[in-house]
Amino acid sequence: MDKFTYQSPTKIHFGEGQIAEIANDIPKDKKILVIYGGGSIKSNGVYEQVAAALTGFNWSEFSGIEPNPQYGTLMQAVAKVKAEGYDFLLAVGGGSVVDGTKFIAAAACYEGADPWEILHDQAPITAALPIGCVLTLPATGSETNGGAVVSRGHDKLFFGSALVKPTFAILDPQTTLSLSPRQVSNGVVDAFVHTMEQYLTFPVNAKVQDRFAEGLLLTLIEEGPKALATPDDIAVRANIMWSATQALNGLIGVGVPQDWATHMIGHELTGNYSIDHARTLSIVLPAVMQVCRKEKQAKLVQYAERVFGITTGTTDERIDAAIARTIAFFKEMDVPTSLADVELGTADIDVLVASLEKHGRTALGEHGKLTIADSRKILETAL
């Protein structure tokens, strides 16, 4: 295990009724901008709870943050922040809303020529407005980390800074009961793949991180289908919500190699073809497992044994079985597992490879050795 430094400043309020805690975690003298998406929070009771918690505060709102938040929309919010003098941002929604709010927080304080530089050039962030969040869609883990993804046209780019980590996060599983089956599936799969990309690399004797990751994978495999079959089961939703947060709060990734190739290739599928983020991951991950099976052999065998109980057969047979079981789980969650499932074919691979090159995603994987040719092979395997 490598040396590491870990700090998580986000205070978490978990459980039913915790939205009221907003009133205790935002200083009374702050001018607050509440940021949300398409308005579902006004039909599921979340907006009403937030407004009640903000009684006596000076606040306003900005709505319309898209799934895969768009740079143009976010810059409208930045303009509002600057014009009206907001000094605290409250994200209410899923990962896209939280990601977008992080960018707004950084861009509002950015002193460079163009805030796009934060994403395109990885310009350093030296200041950001404080953020809190009320999570309504467990998936990305954005509520407790410093990363965010923002889209502009076909470009879907990442930035990260400790300065945009939320100061607090409200996780009330009750807020997830109004999610559609598609949103539930996407959230479970996103959390699953987040865990896999920090786990499925090569052994470094990080026993705690491995066991923690395996526990998350087992929980998601067990609870994910239940969330679709029994959508009113609040206990199931609670376990999924907590798993999604733990999958990307940084803890299981400390001291271990990580492989975000699935995400990088998946971002190109979303950017070019508007496929749901999680559904790009369910398409790409099995192909990465197949193409990189030699490099990942030891962890693939460990995954097969500890997560699926596969202990017999040759090494290749056990790896084949683990990949097949992963695909079966994704199918059980009703997400695509091939490019054909989303009506893409060989001709589309050239578009995706060109986009990878454009964005400098030419040395992927835990060893940084996956070339453009390797990414092409992964996409061909995903057909």
Side-chain angles (χ1 to χ4, degrees), residues 10 19 22 25-27 29-42 46-47 50-51 53-54 57-137 139-140 142-153 155-170 270-271 277:
T10 306
I19 292 176
I22 291 171
D25 281 346
I26 302 179
D29 61 346
K30 293 294 185 182
K31 187 174 183 180
I32 306 159
L33 185 63
V34 176
I35 299 170
Y36 58 98
S40 62
I41 65 168
K42 291 189 174 180
V46 172
Y47 181 90
V50 170
L54 290 176
F57 285 86
N58 183 5
W59 67 282
S60 187
E61 60 190 71
F62 182 92
S63 63
I65 305 297
E66 308 89 348
N68 302 304
Q70 295 295 314
Y71 178 78
T73 302
L74 301 179
M75 287 305 295
Q76 293 176 31
V78 171
K80 182 178 178 71
V81 167
K82 289 184 173 182
E84 300 177 17
Y86 296 97
D87 54 7
F88 194 99
L89 307 182
L90 181 63
V92 184
S96 290
V97 172
V98 181
D99 278 14
T101 301
K102 289 176 179 178
F103 178 77
I104 296 165
C109 299
Y110 187 63
E111 295 182 352
D114 182 355
W116 180 243
E117 296 165 355
I118 294 171
L119 295 154
H120 186 269
D121 304 323
Q122 295 294 292
I125 296 168
T126 58
L129 296 177
I131 301 168
C133 69
V134 177
L135 186 69
T136 62
L137 200 169
T140 69
S142 189
E143 63 274 10
T144 57
N145 65 46
V149 179
V150 172
S151 297
R152 189 182 194 183
D155 298 325
K156 184 173 181 179
L157 304 180
F158 170 88
F159 82 97
S161 170
L163 295 175
V164 297
K165 285 188 177 182
T167 62
F168 69 86
I170 310 292
T270 297
H277 171 62

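Looking only at side-chain heavy atoms (C-beta outward), L157 and W116 come within less than 4.5 Å of each other. Put simply, the side chain of I104 reaches to within 4.5 Å of the side chain of V81, judged on heavy atoms. Considering only heavy atoms from C-beta on, M75 comes within 4.5 Å of F103 through its side chain. For the pair T140 and N145, the minimum side-chain heavy-atom distance is 4.5 Å or more.
Under the 3.5 Å distance criterion, the side-chain polar atoms of S96 are matched with a main-chain donor or acceptor of N68. When atom types are taken as modelled, the side chain of N58 and the backbone of K31 share no donor-acceptor pair closer than 3.5 angstrom.
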Show your reasoning for whether side chain to side chain contact (heavy atoms under 4.5 Å, CB included) applies to F62 and T73.
CA-CA 10 Å; F62 182 92; T73 302; 4.0 Å; yes
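Here the closest non-hydrogen pair linking D99 and P69 is CB-CG, 4.3 Å. Between G94 and L137, the shortest heavy-atom contact is CA-CB, 3.8 Å. Between T270 and H277, the shortest heavy-atom distance links the atoms OG1-CA, 3.7 Å. Between T10 and P166 the shortest heavy-atom distance is OG1-O, 2.6 Å. Contact between F168 and D25 at its shortest, heavy atoms only, is CD2-CB, 3.6 Å.
T144 and K165 share no donor-acceptor pair across their side chains, judged by distance under 3.5 Å alone.
Every residue meeting the side-chain hydrogen bond (donor to acceptor under 3.5 Å, both in side chains) condition with E84, not counting sequence neighbours, appears here in chain and number order: K80, Y86.
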Please list, one pair per line, the donor and acceptor atoms closer than 3.5 Å that link side chains of residues 122-136 to other protein atoms, with sequence neighbours excluded.
residue, atom, partner, partner atom, Å
Q122, NE2, L119, O, 3.2
Q122, NE2, F158, O, 2.7
T136, OG1, G93, O, 3.4

List the atom pairs, donor and acceptor, that lie under 3.5 Å between side-chain atoms in residues 33-40 and the rest of the protein, sequence neighbours left out.
residue, atom, partner, partner atom, Å
Y36, OH, K42, NZ, 3.3
Y36, OH, E61, OE2, 2.5

